[in-house]
Amino acid sequence: MLNASRISSLTGAEVPLRTGPPTREEILVHYPAKFTWNQLKTFVNSGDLGLLKRDRKLQKRYDEWAVGITQQHGSMVKYLMNYRLRWGQPDTLSLLKSSLEVDLPHPLADNASSETTPGISEDPPAYFSCETPSRYISIIQNDWPYSVPPEVEHTLVWTKVPIYHTDLVAEAIKPRIEQDGLWGFTGNDSPPPSPSELSSCMGALSEWGITMDNMIKSEPPTQEEAALIEDAGKEVHRYVKTRWPEQVWETAWFVNPPRLQSVPGLAHIHIFARRK
C-alpha cells in the first residue's frame, strides 16, 4: 500500500486515467476524497443514507462502464452472480486491496469446508447472520467506492440470503426500514456524531445539490421503535464486530433501503472501515 509521502507526490501525468474500475492511484489523484471520516459517520447516522456519494466524475465513469457490462452479461445481477462475486472464496479480482485480508481470515472460514452430505440438500438459512455458511457470502472491496478518505476501506459483504427478514424486522418498523435502511458503528472510542451535527457537514454535499430541506428520512424513533431497529440490525452488527475486531478497527456499516439499492434483489452490506 502506498505510504503518505508517496500519495501526496503522485501527479496526473504519472497516473493516466483508464476505463473500468479505478485503481487506488487513480482514486487518489483524479477522484480525491470529498468527505472526512467524521463527515462519513455523520452522514451514516443522519437518517438519510442517500447522503453517501461517489465522486461525480467517478459516478459518470461507473455509469458508462455499467452500460457495457449489462450488454455483455445481460444484467448487472448476472455479472455479479456469475463473474464478480466469489462465493465462499477470497476476492482476487479487486484492484483495491484490503489490509484486512493480510492479517485476518474470513470469520466463517470453518463453514467453508462443512459442505452438505452428498445426496442431501441443505436449505439456505432464512436470513443473514454471523453463522451463515461462507458459501452464501462474498466479501469484496467496492470496485467503485464512495468518496472516502484514503485511510478508509469501503468493503461490501454480498449474500445470497436476505438481510431484511420478518423474523428480524418487526411489522411496526417495516415502513421506516424500507425508507431509511439500517446502520451501526463498531470500535468507536466515542459515540458516533449526533444527527444534530449534520448542518455543519452539509457544505461537503453542495455539489450534489443536497440541503437539509430535501433530505429523505423518518422522524426520530420512539424508545420502543429504537429497540426494534437495533434488533433488526443485530445480526449484521454482530458480523461486523467479528470480521473487524474492535480493538483494531472502527467501522460505520449500513444496509441501504430498497429505494437506494443499486442492485435490487441481491442483498449486501456496506462497511467503511478505518484502522485505529
Salt-bridge test for [X] and [Y]: reply yes if a basic N is under 4.0 Å from a carboxylate O, no otherwise.
X: D180; Y: R259; answer: no
X: D231; Y: K234; answer: yes
X: R61; Y: E64; answer: no

Is there a side-chain contact between [X] and [Y] (heavy atoms, below 4.5 Å)?
X: F128; Y: I137; value: yes
X: E250; Y: D189; value: no
X: R238; Y: E235; value: yes
X: H73; Y: N82; value: no
X: T251; Y: R243; value: no
X: L182; Y: I177; value: yes
X: H270; Y: L156; value: yes
X: P133; Y: P125; value: yes

Counting N and O atoms only, with roles assigned by atom type, does the side chain of [X] sit under 3.5 Å from a partner on the main chain of [Y], one being a donor and the other an acceptor?
X: N142; Y: W144; value: yes
X: K276; Y: G187; value: yes
X: S138; Y: R86; value: yes
X: T159; Y: Y136; value: yes
X: R176; Y: S218; value: no
X: Y164; Y: V255; value: yes
X: N45; Y: P195; value: no
X: S147; Y: K34; value: yes
X: E153; Y: A273; value: no

Derivation and outcome, side chain to side chain contact (heavy atoms under 4.5 Å, CB included), residues R274 and V148: CA-CA 10 Å; R274 179 179 182 270; V148 302; over 6 Å; no
Test of ring centre spacing under 6.0 Å for W208 and F43: no
Once you measure the plane-to-plane angle for [X] and [Y], does it fall in the parallel (<30°), tilted (30-60°) or perpendicular (>60°) bin?
X: W65; Y: Y79; answer: perpendicular
X: F272; Y: H154; answer: perpendicular
X: W158; Y: H268; answer: parallel

Count the heavy atoms belonging to other residues, nucleotides or ligands that lie under 6.0 Å from [atom1] of [X], then report whether that count exceeds 12.
X: K241; atom1: NZ; value: no
X: Q247; atom1: CD; value: yes
X: E207; atom1: CD; value: yes

Side chain to side chain contact (heavy atoms under 4.5 Å, CB included) between Y62 and I69, intermediate numbers included: CA-CA 10 Å; Y62 168 80; I69 287 295; over 6 Å; no
Given the options I271, L85, T155, I139 meets side chain to side chain contact (heavy atoms under 4.5 Å, CB included) only with T155
For [X] and [Y], which heavy atoms make the closest approach, and how far apart are they?
X: F35; Y: L51; answer: CZ-O, 4.4 Å
X: K41; Y: F185; answer: O-CZ, 3.6 Å
X: A126; Y: P162; answer: O-CD, 3.4 Å
X: P32; Y: V29; answer: CD-O, 3.9 Å
X: P145; Y: L58; answer: O-CD2, 3.8 Å
X: E26; Y: P16; answer: OE2-O, 3.8 Å

Supply the atom-to-atom distance L198 CG to M212 CE, rounded to the nearest 0.5 angstrom. 4.5 Å
When rounded to the nearest 0.5 Å, the distance separating CG of D143 from OG1 of T23 is 12.0 Å
